[in-house]
Novice: 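I am attaching a structure below and will ask some questions about it afterwards.
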Amino acid sequence: MKMMHLTSYLRAGVALLSLAVAAPLSAFTVSLPGVSEFEGWEGLNNTNYTAPTYTGGFMNADADWGAPVQSNVSGSAGFAALDKVSGGGYFASTSIYSAFSPGTFSITNSNALAGLETVVFQLEAVSTDPIVPTLSFNGGTQSLEADLTWLTLGDTETSFGDSTIYTFQWDLSTLAGITDYVITYSGPQHFSQVGMSLYSGDTFAPVGAAVPEPSTYAAIFGSLALLTVAARRRMKR
């Protein structure tokens, strides 16, 4: 009976923790209110992307791609393209791999959704450094950082570890007349990109719960400690 009380407290603690750190999104499954569009890229490897357009290889990772990569997932609107701006990034056996040279990449949407209010960019990758994409629009250099960011575990294993799903959302509801936009981001050495998606909508709404700040984690673990103390006291009684 005492063990049942302890289990109840611990379950309550686990539930409290999961509310704050549970993954709010699965890979490439974003739902936006209102009218929305989708673009997706998958299978970013040298089986699906071969010579002559995407040559390079480990010893020549800085080679130019020759042409952007159009979205290839079913249901894509077909207005966005992925390209390498500079540095390392070639199509390896499981991903776009930057080898020993950091690379910079861009996704350009040449025909933005009418009344655009939000953009969500998801990237499944392995990275040793934070990824900080920026968004510019109408040919400008605004370089807006995402308003909301989430991290979740991916399901792809590469030579350099398991993948992470990086999700970034921009609130563009205060801006008007966006006709095109570009998202630019960089990765470090050994940066491996498995796949990505791009969602745009005419109504802004957060697509997930924000990642807790360190102070929030402290409060959560403090609550767990209090629950454990209470459980022990109850057992003694």
Side-chain angles (χ1 to χ4, degrees), residues 18-42 68-83 85 104-125 127 129-154 164-187 193-217:
S18 65
L19 284 174
V21 300
L25 296 172
S26 298
F28 315 138
T29 54
V30 170
S31 179
L32 292 173
V35 179
S36 63
E37 284 183 348
F38 163 77
E39 308 276 2
W41 293 259
E42 63 180 3
V69 180
Q70 303 297 322
S71 53
N72 64 351
V73 178
S74 177
S76 295
F79 299 125
L82 166 69
D83 205 357
V85 177
T104 298
F105 306 85
S106 67
I107 293 181
T108 301
N109 190 317
S110 59
N111 187 13
L113 181 72
L116 183 68
E117 286 196 3
T118 189
V119 170
V120 179
F121 171 48
Q122 287 188 309
L123 172 65
E124 183 176 6
S127 177
D129 290 347
I131 299 171
V132 185
T134 59
L135 183 148
S136 298
F137 57 91
N138 294 357
T141 57
Q142 296 87 356
S143 298
L144 305 176
E145 292 189 8
D147 297 283
L148 301 168
T149 301
W150 300 270
L151 300 180
T152 57
L153 294 178
T164 298
I165 307 297
Y166 300 84
T167 302
F168 308 93
Q169 184 175 18
W170 284 264
D171 178 2
L172 308 174
S173 58
T174 61
L175 304 173
I178 296 179
T179 58
D180 58 81
Y181 61 90
V182 56
I183 294 173
T184 305
Y185 62 98
S186 298
Q193 303 178 74
V194 177
M196 60 195 68
S197 66
L198 186 68
Y199 293 83
S200 55
D202 66 356
T203 305
F204 171 75
V207 295
V211 176
E213 295 294 330
S215 58
T216 305
Y217 280 113

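Note that these values count all heavy atoms, side chains included, but never hydrogens, waters or copies made by symmetry.
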Novice: Would you say that Q169 contacts F204 through its side chain, given a criterion of any heavy-atom pair below 4.5 Å between the two side chains?
Specialist: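 Yes, close enough: below the 4.5 Å cut-off.
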
Novice: Nearest 0.5 angstrom please: L151 CG to T167 OG1, how far?
Specialist: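 The OG1 atom of T167 is 8.0 Å from CG of L151, to the nearest 0.5 Å.
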
Novice: So, using side-chain hydrogen bond (donor to acceptor under 3.5 Å, both in side chains) as the criterion, who are the partners of D171 when residues are at least two apart?
Specialist: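 Result, side-chain hydrogen bond (donor to acceptor under 3.5 Å, both in side chains) vs D171: S173.
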
Novice: Kindly compute the distance separating OG (S36) from CG (D202), expressed to the nearest 0.5 Å.
Specialist: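 So the OG of S36 and the CG of D202 are separated by 8.0 Å.
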
Novice: Give, for atom CD of E124 and atom CE of M196, the distance between the pair rounded to the nearest 0.5 Å.
Specialist: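 CE of M196 is found 10.0 Å from CD of E124.
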
Novice: For T203, check side-chain contact (heavy atoms from CB on, under 4.5 Å) against everything at least two apart and list the hits.
Specialist: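 Counting only residues at least two positions away or on another chain, T203 forms a side-chain contact (heavy atoms from CB on, under 4.5 Å) with P33.
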
Novice: For the pair E39 (side chain) and F79 (backbone), establish whether a donor and an acceptor sit closer than 3.5 Å, ignoring hydrogens and angles.
Specialist: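 The answer is yes, because a donor-acceptor pair under 3.5 Å joins these two groups.
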
Novice: Going by the rule side-chain contact (heavy atoms from CB on, under 4.5 Å), which residues pair with D180 if we only count those two or more places apart in sequence or in a different chain?
Specialist: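 D180 satisfies side-chain contact (heavy atoms from CB on, under 4.5 Å) with N138 only.
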
Novice: Taking the side chain as every heavy atom from C-beta outward, state whether F168 and I183 have any atom pair closer than 4.5 Å.
Specialist: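 No; the side chains remain at least 4.5 Å from each other.
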
Novice: Once rounded to the nearest 0.5 Å, what's the spacing between atom CG of L172 and atom CD of E117?
Specialist: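 Output value for this atom pair is 8.5 Å.
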
Novice: Could you pull out all residues at least two apart from N72 that satisfy side-chain hydrogen bond (donor to acceptor under 3.5 Å, both in side chains)?
Specialist: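 So N72 forms a side-chain hydrogen bond (donor to acceptor under 3.5 Å, both in side chains) with Y49.
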
Novice: Nearest heavy-atom pair of P68 and D83: which atoms, and what distance?
Specialist: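 Nearest heavy atoms, P68 then D83: CG-OD2, 3.8 Å.
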
Novice: Measure across W41 and L82 and return the closest heavy-atom pair with its distance rounded to 0.1 Å.
Specialist: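 W41 and L82 have their closest heavy atoms at NE1-CB, 3.9 Å.
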
Novice: Under the rule for side-chain contact (heavy atoms from CB on, under 4.5 Å), what residues qualify as partners of T134, not counting sequence neighbours?
Specialist: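 Testing T134 for side-chain contact (heavy atoms from CB on, under 4.5 Å), a comparison that skips the adjacent residues, returns S143, E145, T184.
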
Novice: Centroid separation under 6.0 Å, is that true for the rings of Y166 and Y185?
Specialist: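 No, the ring of Y185 stays outside the 6.0 Å limit from the ring of Y166, centre to centre.
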
Novice: I107 versus L123: any side-chain heavy-atom pair under 4.5 Å?
Specialist: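 Answer no - side chains too far apart.
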
Novice: Between S127 and D129 (side chain of the first, backbone of the second, donor and acceptor by atom type, cut-off under 3.5 Å), is there such a pair?
Specialist: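 Yes: the side chain of S127 pairs with the backbone of D129.
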
Novice: Treating E42 as the side-chain partner and S197 as the backbone partner, does any N or O pair qualify as donor plus acceptor under 3.5 Å?
Specialist: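 No: the side chain of E42 does not pair with the backbone of S197.
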
Novice: Applying side-chain contact (heavy atoms from CB on, under 4.5 Å), can you list everything that pairs with S200, at least two apart in sequence or on another chain?
Specialist: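 S200: side-chain contact (heavy atoms from CB on, under 4.5 Å) contacts with E37, L113, L116, V119, Y181.
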
Novice: Check step by step if side-chain contact (heavy atoms from CB on, under 4.5 Å) holds for F38 and S76.
Specialist: CA-CA 5 Å; F38 163 77; S76 295; 3.8 Å; yes

Novice: Working to the nearest 0.5 Å, report the span between CD1 of I178 and CG of L135.
Specialist: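 I178 CD1 to L135 CG: 7.0 Å, rounded to 0.5 Å.
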
